[in-house]
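In the text below, chain A, chain B and the rest are named by the order of the sequence lines, each starting its count at 1. Quick caveat: nothing in here was measured; it's all calculated off a predicted structure.
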Protein chains: 2
Amino acid sequence: MTKRKKYREGSIRTTSFDVAALAGVSQSAVSRAFKPGASIAPETRDKILDAARKLNYVPNSIASSLTTHRSNIVALILGDLHNPFYTHVLEAFGREMQDRDRQLLVFTVNEDLATDDAIMRLLRYQIDGVILTSAQLSTQMVGMCHNRGIPVVLFNRYIPQSGAFGVRCDNSWGGRQIAEAFLRAGAKTFGMITGDPNGTTSKDRVSGFVERLIENGVPRTAIRSFEGNSTYEGACDAVRRMHADADGLPDAIFGINDTMAMGAMDTLRHHLGLSVPGDVMIAGFDDIPEGARLPYQLTTVRQPIKRMVRATIEHLNLDNPGQPIDLTHDQPIRGHMVWRKTVPGDAPPEV
Amino acid sequence: MTKRKKYREGSIRTTSFDVAALAGVSQSAVSRAFKPGASIAPETRDKILDAARKLNYVPNSIASSLTTHRSNIVALILGDLHNPFYTHVLEAFGREMQDRDRQLLVFTVNEDLATDDAIMRLLRYQIDGVILTSAQLSTQMVGMCHNRGIPVVLFNRYIPQSGAFGVRCDNSWGGRQIAEAFLRAGAKTFGMITGDPNGTTSKDRVSGFVERLIENGVPRTAIRSFEGNSTYEGACDAVRRMHADADGLPDAIFGINDTMAMGAMDTLRHHLGLSVPGDVMIAGFDDIPEGARLPYQLTTVRQPIKRMVRATIEHLNLDNPGQPIDLTHDQPIRGHMVWRKTVPGDAPPEV
DNA sequence: CTGAAAGCGCTTACAG
DNA sequence: CTGAAAGCGCTTACAG
């Protein structure tokens, strides 16, 4: 038998029992008053809500999580926050989750080990789902999540056979668009500054880009690839290496993300004294707002963040827990070209 | 009497009872095995840890939070993430919290109402503390947190009489340094691009800056102030307004944060065709890495993020809950000048 | 050092 | 529509 003191003197915690006492109802009634759609008379609910307000009562989600096995918390694992794209992603998830009355437990990780570590931590919290942007994931960890019924969805990457669903932009299509734009502007030699060599995102953009070039008869030797580590600084360095290279700078450089494209532009202009797009044309990928600023005016392909974020949340099945994740709809989401000033010429009449 | 089935068939949840059964000990022992410093024989602990590993058992923090009233979760309320300074702040908090085995529940807010709303949400989660960066806070909400024993500390702002401790950079000192640098470079007329007019951060930087100028005999009419809304775009617009103003552009512009200083530079150079620092000198505040990039080379004052973050966490009293927040050590933390290229001249021999 | 048991603050069949 | 009570998975005096 559980004995409860209705009022613990000096206590700082107000529970549903306190509210029940004040409203003159049972504790179960208080619980129902706060559950939308629960079976309770409107007058009873009002009475209870009044009492709750008087006592500054707020239901304890920790306690309800324990019984319902739902915490209404979603974990978001973030990699490189220095790429503004991901801060926009964080913001979008924040907004969407707030709208759905869910909270975001955020983990920032650097190396792959840290991702597994983050997963171990969040496993303790009865998280409703995990969203992984960037960072690799051991299939063992995906397994641990699945055993506990925690859906994990990858944002902007996929890991074949991992059992985790991946929502992503049509990166390969985007790569093709950039290739197309460069060709149309008359470029004959090409450089790519690539991102995480283990991630599918960079690979897909590269392969779409190269494919389209090859289709158009560009010889493989006219397409060079430099690692840029996904960062601005990495891209600066990549351009210096291109410049030092026997073949010299290409006609066109594809920065696999906007941050790198911006680093490339700055290095070209302010370090090598060249003109963009006069001497070298440049395109990026993501369409971060920073790329639209006066000095950059970057031509790029926009990732449809909002749609991607919503698709990600949908696949979390937050409202019907237990539903298996639908792995069949693995369709990349297409973005669109944003024509600005770093590739000569205009948008073609109709893509 | 509580009856427990030792194994729930088909269950996906492994509890301390399952581990106890496998290890042949009581459930209390399992609990102790996972609590550092608990009274348990080393062999018993090893046996239990082995069993736990076999079962992929992870202690349920939700359950322990319920009993201990500690969740090991800290809430971080973030305002404008478009200012890279705050993404660095988020990263720093993430790292420090991970080191301390705490998780970060992140809320991104825009208007002031949203802050109160965020507080209402986090109140349900038995948060161990809340960190507020930017955004205003109603004293009523601070009160609700305090009633529940949840410490709240403001990062880089303070609200007198709010009862919430504020860790901040010595903004007024920083403003003075910038004024000093401008004066030394021979500027006679001055413009400021300000941030949130309700926040103390912008106000303090402004007042330090103006004070020093006045001390040096600069007439008040030679100091103008324009709202920049803390954003890059707002600063671009502010510069256009300065330019359209009867008095024209000043000799020197102080962007109250680096993002605004960068917006001002870009507008001056690429919109008005002027040279920085040739025609107008510029300084910022924060020392975000972006300001150090080739095209900017921004002279600024560095905020000691790491020290500020650590001080913030310290004041949360995470390890001695219940301790009242020490409100006496309210000392702003001093940063230091970073001399680059947007103010002519070099660092003085010794500041 | 160890175990039995109460309790943390909810939710939810179950019976009325 | 309402209440009594069991249970969620831990922690922690208490007694041994």
Side-chain N,O ([X]) to OP1/OP2 ([N]) below 4.0 Å:
X: A:K35; N: C:dT12; result: yes
X: B:Y125; N: C:dG9; result: no
X: A:S26; N: D:dT2; result: no

- Query: The side chain of B:S39 lies closest to which of these nucleotides: D:dT2, C:dG3, C:dT2?
  - Reply: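 Closest of the options to the side chain of B:S39: C:dT2.
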- Query: Considering only side-chain heavy atoms of A:T44, which listed nucleotide, D:dG3, C:dC10, D:dC1, is closest?
  - Reply: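 The answer is D:dC1.
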Interatomic distance, [X] [atom1] vs [N] [atom2] [rounded to whole Å]:
X: B:Q27; N: D:dT12; atom1: CD; atom2: C1'; result: 11 Å
X: A:L55; N: C:dG9; atom1: CG; atom2: P; result: 14 Å
X: A:Q126; N: C:dC10; atom1: CD; atom2: C1'; result: 13 Å
X: B:R13; N: D:dG9; atom1: CZ; atom2: P; result: 6 Å
X: A:F17; N: D:dG3; atom1: CZ; atom2: P; result: 12 Å

Under a 4.5 Å cut-off applied to non-hydrogen side-chain atoms, are [X] and [Y] in contact?
X: A:T14; Y: A:N56; value: no
X: A:T15; Y: A:N60; value: no
X: A:R168; Y: A:T201; value: no
X: A:R148; Y: B:V58; value: yes
X: A:C145; Y: A:V130; value: yes
X: B:D128; Y: B:L316; value: no
X: A:I305; Y: A:F85; value: yes

- Going by number, which of residues 59-67 of chain A have a non-hydrogen atom under 4.0 Å from DNA chain D?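 Only A:L66, A:T67 qualify.
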- For A:F34, which contact category applies under a 4.0 Å heavy-atom criterion: base, sugar-phosphate, or nothing?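 If one applies the 4.0 Å heavy-atom cut-off, A:F34 turns out to touch nothing in the nucleic acid.
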- Message: Applying a 4.0 Å non-hydrogen cut-off, can you work out what B:S16 is touching in the nucleic acid: base, sugar-phosphate, or nothing?
- Response: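 The answer is sugar-phosphate, as B:S16 gets under 4.0 Å only of primed atoms, P, OP1 or OP2.
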Extract from the structure each pairing of a protein N or O with an N or O of nucleotides 13-16 of chain C at less than 3.5 Å, listing the distance.
residue : atom : partner : partner atom : Å
C:dA13  : N6   : A:R32   : NH2          : 3.1

- Provide the full list of side chain to side chain donor-acceptor pair (under 3.5 Å) pairs with a residue in residues 38-53 of chain A, sequence neighbours left out, each pair given once.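 Matches after skipping sequence neighbours: A:D50-A:R53.
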- Item | 5' priority, DNA chain C, between B:A38 and B:H69 [closest heavy atom] |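 The residue mapped nearer the 5' terminus is B:A38.
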Result block: side-chain N/O donor-acceptor pairs under 3.5 angstrom for residues 99-107 of chain B, not counting sequence neighbours:
residue : atom : partner : partner atom : Å
B:R100  : NH1  : B:E96   : O            : 3.0
B:R100  : NH1  : B:E96   : OE1          : 2.8
B:R102  : NH1  : B:R100  : O            : 3.1
B:R102  : NH2  : B:L318  : O            : 3.4
B:R102  : NH2  : B:D319  : OD1          : 3.4

- What pattern of brackets, bars and dots sums up DNA chain C from 5' to 3', given Watson-Crick or G-U wobble pairs under 3.5 Å, [ ] for crossing pairs and | for another strand? |||.||||||||.|||
- Message: Using atom P in both nucleotides, what's the gap between D:dC10 and D:dC14 to the nearest angstrom?
- Response: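 24 Å, rounded to whole Å.
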- Message: With rounding to the closest Å, how many angstrom separate the C1' atoms on C:dG16 and C:dT12?
- Response: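 It comes out at 16 Å once rounded to the nearest Å.
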- Among all residues two or more places apart in sequence or in another chain, which pass the ring-ring contact (aromatic ring centres under 6.0 Å, His included) test with A:F155?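 Testing A:F155 for ring-ring contact (aromatic ring centres under 6.0 Å, His included), a comparison that skips the adjacent residues, returns A:F93.
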